[in-house]
*Asks:* 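Right, I'll just put the structure down here and ask away after.
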Amino acid sequence: MTQFQASPPPETLCPARPSVKITLVNQGFQRPISVYLALQKRLAAHLRTLLKSKYDLDIENLPIEIPPDLRFGELATPIALQLARSLRKAPKIIATEIVESIGALEGFAGFEVAGAGYINARLDRSTGVKSIAAADLAQHSPKSPLHALVEHTSINPNKAAHIGHLRNAILGDTFVRLLRAAGSKVDIQNYIDNTGVQVADVVVGFLHLEGKSLDEVRQIVAGCEQRAAASGRPADAIDFYCWDLYARTSQWCTSGTGEENAARKQVRLDTLHAIEHGGNETAAVAELISTAVLRRHLETMLRLDIEYDFLPRESEILHLKFWDAAFEQLKQTGVLYFETEGKNKGCWVMTRPGAATEPVQDQDGPKGTDEDAKVIVRSNGTVTYVGKDIAYHLWKFGLLGKDFGYKPFFTYPNHECWISTMHGEAAHPHFGGAQAIYNVIDSRQSDPQANVIQALRGMGHTAEADRYTHFSYEMVALTPRCAIDLGYNVPEEDRSRAYIEVSGRKGFGVKADDLIDKLIAATLDEVNKRQTGRDQAEREKIARQIAIGALRYFMLKYTRNSVIAFDFKDALSFEGETGPYIQYAVVRARNIFRKGDTTADAVLAEFAQLAPDTIAELLARVENQDIWALWLSAARRSLVLEQSLTASEPAYLAKHAFQLAQEFNNFYHRHHILNEENPALKTLLLATAAVALRELIVVLGWLGIESPEAM
RNA sequence: GCGCCCGUAGCUCAGCUGGAUAGAGCGACUGACUACGAAUCAGUAGGCCGGAGGUUCGAAUCCUUCCGGGCGCACCA
């Protein structure tokens, strides 16, 4: 543009941000107080009345965005561009007309036309900064319109948890924290399929491959418990033992000569049926193993600060005959019908979601049969997985008319986790009957999930179907390099692929506890180098906080639809876009107050006494634009929370935390806060650090990441 | 064959109801520790946003189509 641009314009000092849109959609979440949201709403309302009186226009969704750069102001609208056609005027002329008659608006310093016809709004910086400093954004009213139920983790209780399960649990646990931050009451469930083929496989392993009796299995479990307790090594525990046994059994079941293979498959099937039926030695082994492994899963997740309220089990869904109650309802509402023709003859079936939009009212005959229908009850009278899932989800919404028995299972520091049982304790909390449910299940299960939703809708439960969210995410895979490093035999044709799917069946994957141990060891190394003045217990605590922060952030920074190609190099990194980077920003901010012998609260109290004119003058200076930008970022917390919730995307908040940390680190380098000689400026700098610190701690907390005192 | 997801810098990913000059991290190359700790910061290089059409004042974003990759589509659980 200009050829004589000797020095960069002052505007380039402010960090450029992508243009961000503000949505007004509220999907049943409580809207938190936010400086940004309040100003946006005020501006939108003001412009709407202006457009009505000036042009007689009713604009429902008036677009207001956060411009990509501070030199365009703090809020902007492209409304003039949109109106150009209907008003048959150039956008710039419309924008000018609007700005000329816009008048004064509380909180705003002025408006101007820019670019092709944008209307940019500038905030009154001193009042903006004061309200951000004062806003205790965590203080929403605690009552919530929606009682939510989040189901996550749901690992088959037959082997150790792996990194894929970690993504599930961390996503689910973080989403719970976000819902609670927005004021919702949330129950956390972890569904336990203790009667499926996976458990059956391990039971086959114990009984047939290893030839153990129930008593011997009991001894193995007890031995594992003792060894693991003594050594503190997860590798000694029962879930690791089962990991290998499961892989061996899977191999056994799918190998052998034709005759042998058939016999082995039959053994597996018989075992499965014995477990489902219950009341026999095989079922007792299954119960023993699945319960011991489940306990290990809860311990593993507790290392990541992940807890549960209730563990509904498949065995109770079977034995309490949830399906019978659901079957009646499904027949009465016509969702299920008995097929008399075609390949599904003799089955109870339902139409699939994608299929014919209207039930085809064909003439009876071969053409009227829906060959693509989903079988719910087999011709032999047994129910399929989807059928049981429909029953379970009717219970979740309180529509089944039956309930579990409940007994305590696992004690957390602050509460009890309950498990389903046939005949439970008389006094117990009530689960189920939620208004909104979120199922954290990987995207491979979207078809069965859609079937359940379809069934609910067909039964007339449309409100429930609308509040049923399949919180889907892509899998965690291994890079070929990582797989080779772990010692797996990777076929030549797979080595050029971007990633290879993990498989519990093949025993191919990275175990959760192993990864956590590696992370803690690596962080402890770093802490030992830096924290020479602290005792061992303190160092270990810090190392654990950093390791968990690294792991949780690693799993949260990817959006749900992206496949994570796992590599130890990335997961063990503590630099750049990582949890420790954000935690380090917190530690630096804390150190300022420690060295300055003051506190964030004291600083903010002092800041409140500063004259508005003084603040306005300081924030207008060219060299202080980054400070104002940091305040604006800090003010975006509840805005981002809302976007995160409506999109069911925790990654938005993870990115926000990182950006905030990045801006703070930049600010930290540019301004020598404690040495600042101008007292007013020093107060402003300290207040900036205080607000950044407050925001970082809160957002990290929402992500389930602790803020260490030192690192 | 049908359905869903993905394709943006050397690599890994953001870019959220279409909007101003497409952004990070890693890796590479230059610099900055006598300041509140360098797990940090500043800078340089690196992009026909898979291809082609279309809608629009305006497209990485919406539509169509093709190409490439992944995952699902059982009376299994």
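So that the names make sense, note that chain A is the first sequence line, chain B the second, and so on, each numbered from 1.
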*Asks:* What nucleotide among B:G19, B:A77, B:C71 has an atom nearest to a side-chain atom of A:Pro78?
*Replies:*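 Nearest nucleotide to the side chain: B:G19.
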*Asks:* Which label fits A:Trp348 and A:Phe327: parallel for a plane angle under 30°, tilted from 30 to 60°, or perpendicular past 60°?
*Replies:*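 Because their plane-to-plane angle is over 60°, the rings of A:Trp348 and A:Phe327 count as perpendicular.
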*Asks:* Identify, with sequence neighbours excluded, every residue that meets salt bridge (charged side-chain N to carboxylate O under 4.0 Å, His left out) alongside A:Lys655.
*Replies:*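 Listed in chain order: A:Glu577.
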*Asks:* If only side-chain N and O atoms of A:Tyr385 are considered, is one of them under 4.0 Å from the OP1 or OP2 phosphate oxygen of B:A77?
*Replies:*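 No.
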*Asks:* Report which part of the nucleic acid A:Asn120 touches: base, sugar-phosphate, or nothing (heavy-atom distance under 4.0 Å, all strands).
*Replies:*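 If one applies the 4.0 Å heavy-atom cut-off, A:Asn120 turns out to touch a base.
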*Asks:* How is the base pairing of RNA chain B summarised as a dot-bracket string, given the Watson-Crick and G-U wobble criteria with both distances under 3.5 Å, [ ] for crossing and | for another strand?
*Replies:* (((((((..((((.....[...)))).(((((.......))))).....(((((..]....))))))))))))....
*Asks:* Do the numbers put A:Lys518 on top of the ring of A:Phe568, so that NZ or CZ is under 6.0 Å from the six-membered ring centre and no more than 45° off the axis?
*Replies:*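 Yes, A:Lys518 lies over the aromatic ring of A:Phe568.
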*Asks:* Please list, chain by chain and in numerical order, all residues satisfying salt bridge (charged side-chain N to carboxylate O under 4.0 Å, His left out) with A:Asp442, sequence neighbours excluded.
*Replies:*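 Testing A:Asp442 for salt bridge (charged side-chain N to carboxylate O under 4.0 Å, His left out), a comparison that skips the adjacent residues, returns A:Arg444.
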*Asks:* Ignoring the backbone of A:Ser562, work out which of B:U40, B:A14, B:C36 is nearest its side chain.
*Replies:*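 The listed nucleotide nearest to A:Ser562's side chain is B:A14.
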*Asks:* Taking the side chain of A:Arg352 as heavy atoms from C-beta outward, which of B:C36, B:C41, B:C73 is closest to it?
*Replies:*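 Nearest to the side-chain atoms of A:Arg352, counting from C-beta on, is B:C73.
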*Asks:* At 4.0 Å (heavy atoms only), tell me whether A:Glu501 reaches a base, stays on the sugar-phosphate, or touches nothing.
*Replies:*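 The answer is sugar-phosphate, as A:Glu501 gets under 4.0 Å only of primed atoms, P, OP1 or OP2.
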*Asks:* Would you call the rings of A:Tyr558 and A:Phe554 parallel, tilted or perpendicular if under 30° counts as parallel and over 60° as perpendicular?
*Replies:*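 Perpendicular.
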*Asks:* A:Asn678: what forms a side chain to side chain donor-acceptor pair (under 3.5 Å) with it, not counting sequence neighbours?
*Replies:*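 In terms of side chain to side chain donor-acceptor pair (under 3.5 Å), with neighbours along the sequence ignored, A:Asn678 is linked to no residue.
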*Asks:* Does the side chain of A:Asn561 get closer than 4.0 angstrom to OP1 or OP2 of B:C6 through an N or O atom?
*Replies:*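 A:Asn561 to B:C6 OP1/OP2: side-chain N or O found under 4.0 Å.
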*Asks:* Considering only side-chain heavy atoms of A:Glu276, which listed nucleotide, B:A42, B:A77, B:A20, is closest?
*Replies:*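 Per side-chain heavy atoms of A:Glu276, the pick is B:A77.
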*Asks:* Does B:C33 count as syn, meaning its glycosidic angle lies within 90° of 0, or as anti?
*Replies:*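 Chi for B:C33 falls in the syn range.
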*Asks:* Got a sec, which residues hit ring-ring contact (aromatic ring centres under 6.0 Å, His included) with A:Phe471, two or more places apart in sequence or on another chain?
*Replies:*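 ring-ring contact (aromatic ring centres under 6.0 Å, His included) check on A:Phe471 returns A:Phe175.
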*Asks:* Quick one: label A:Tyr581 by what it contacts on the DNA or RNA (base, sugar-phosphate, nothing), any heavy atom closer than 4.0 Å.
*Replies:*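 Counting heavy atoms under 4.0 Å across all strands, the contact made by A:Tyr581 is with sugar-phosphate only.
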*Asks:* Could you tell me whether A:Ile376 contacts a base, only the sugar-phosphate backbone, or nothing, with contacts defined as non-hydrogen atoms closer than 4.0 Å?
*Replies:*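 If one applies the 4.0 Å heavy-atom cut-off, A:Ile376 turns out to touch nothing in the nucleic acid.
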*Asks:* For A:Arg481, give me all partners under salt bridge (charged side-chain N to carboxylate O under 4.0 Å, His left out), at least two apart in sequence or on another chain.
*Replies:*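 With sequence neighbours excluded, A:Arg481 shows a salt bridge (charged side-chain N to carboxylate O under 4.0 Å, His left out) to no residue whatsoever.
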*Asks:* If you check every side-chain atom of A:Asn665, which of B:U40, B:A14, B:A20 has the closest atom?
*Replies:*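 Comparing B:U40, B:A14, B:A20 against the side chain of A:Asn665, the answer is B:U40.
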*Asks:* Shorter than 3.5 Å, N or O on both sides, protein versus nucleotides 55-58 of chain B: list them out with atom names.
*Replies:*
residue	atom	partner	partner atom	Å
B:C57	OP1	A:Arg85	NE	3.2

*Asks:* Heavy atoms under 4.0 Å, any strand shown: does A:Gly115 hit a base, just sugar-phosphate, or nothing?
*Replies:*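 Touches nothing.
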*Asks:* Identify the pairs formed between an N or O of the protein and an N or O of nucleotides 25-35 of chain B at a distance under 3.5 Å, and give each distance.
*Replies:*
residue	atom	partner	partner atom	Å
B:G25	OP1	A:Gln662	NE2	3.2
B:G25	O2'	A:Glu577	N	3.4
B:A35	N6	A:His672	NE2	3.4
B:A35	N1	A:His672	NE2	2.9

*Asks:* Has A:Tyr118 got its ring stacked on B:G19, by the test of a centre gap below 5.5 Å and a plane angle below 30°?
*Replies:*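 Here the ring of A:Tyr118 and the base of B:G19 are not stacked, as the 5.5 Å and 30° limits are not both satisfied.
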*Asks:* Which one, B:C71, B:G37, B:A77, comes nearest to the side chain of A:Met475?
*Replies:*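 Nucleotide nearest to A:Met475's side chain: B:C71.
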*Asks:* Tell me whether the OP1 or OP2 atom of B:A39 has a side-chain N or O from A:Arg530 closer than 4.0 Å.
*Replies:*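 So the side chain of A:Arg530 is within the cut-off, an N or O lying under 4.0 Å from OP1 or OP2 of B:A39.
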*Asks:* Got a sec, which residues hit side chain to side chain donor-acceptor pair (under 3.5 Å) with A:Glu316, two or more places apart in sequence or on another chain?
*Replies:*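 Scan of A:Glu316 (side chain to side chain donor-acceptor pair (under 3.5 Å), adjacent residues dropped) gives A:Arg313, A:Ser420.
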*Asks:* Once you apply a heavy-atom cut-off of 4.0 Å, does A:Glu314 come out as touching a base, just sugar-phosphate, or nothing?
*Replies:*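 The residue A:Glu314 makes no contact with any strand.
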*Asks:* Between B:G70 and B:G37, how far is it from one C1' atom to the other, in whole Å?
*Replies:*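 Result for the C1' pair: 45 Å, nearest Å.
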*Asks:* Does a side chain donor of either A:Asn665 or A:Tyr581 reach within less than 3.5 Å of an acceptor in the other side chain?
*Replies:*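 Indeed, the side chains of A:Asn665 and A:Tyr581 share at least one donor-acceptor pair under 3.5 Å.
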*Asks:* Between B:C36 atom C1' and A:Ile592 atom CD1, what is the distance in whole Å?
*Replies:*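 Taking atom C1' of B:C36 as the reference, CD1 of A:Ile592 is at 5 Å.
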*Asks:* Is it the case that the ring center of A:Tyr191 lies less than 6.0 angstrom away from the ring center of A:Tyr392?
*Replies:*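 Under 6.0 Å, so yes.
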*Asks:* From the set B:C75, B:A20, B:C41, return the single nucleotide nearest to any side-chain atom of A:Pro68.
*Replies:*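 The closest nucleotide is B:A20.
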*Asks:* Can you sort out the partners of A:Arg560 under salt bridge (charged side-chain N to carboxylate O under 4.0 Å, His left out), two or more places apart, ordered by chain and number?
*Replies:*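 Residues passing salt bridge (charged side-chain N to carboxylate O under 4.0 Å, His left out) with A:Arg560: A:Glu649.
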*Asks:* Who are the side chain to side chain contact (heavy atoms under 4.5 Å, CB included) partners of A:Thr195, not counting sequence neighbours?
*Replies:*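 Partners of A:Thr195 by the side chain to side chain contact (heavy atoms under 4.5 Å, CB included) criterion, ordered by chain and then number, come out as A:Asp193, A:Ile275, A:Glu276, A:Glu314, A:Ser315, A:Leu318.
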*Asks:* Rounded to the nearest angstrom, tell me the gap between atom CG in A:Asp442 and atom C1' in B:C5.
*Replies:*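 Those two atoms, CG and C1', are 12 Å apart.
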*Asks:* Return the value, rounded to whole Å, for the distance between atom CG of A:Asn591 and atom P of B:C36.
*Replies:*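 Answer to the nearest Å: 10 Å.
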*Asks:* Taking only nitrogen or oxygen atoms into account, show me every contact under 3.5 Å that the protein makes with nucleotides 1-3 of chain B, one pair per line with its distance.
*Replies:*
none

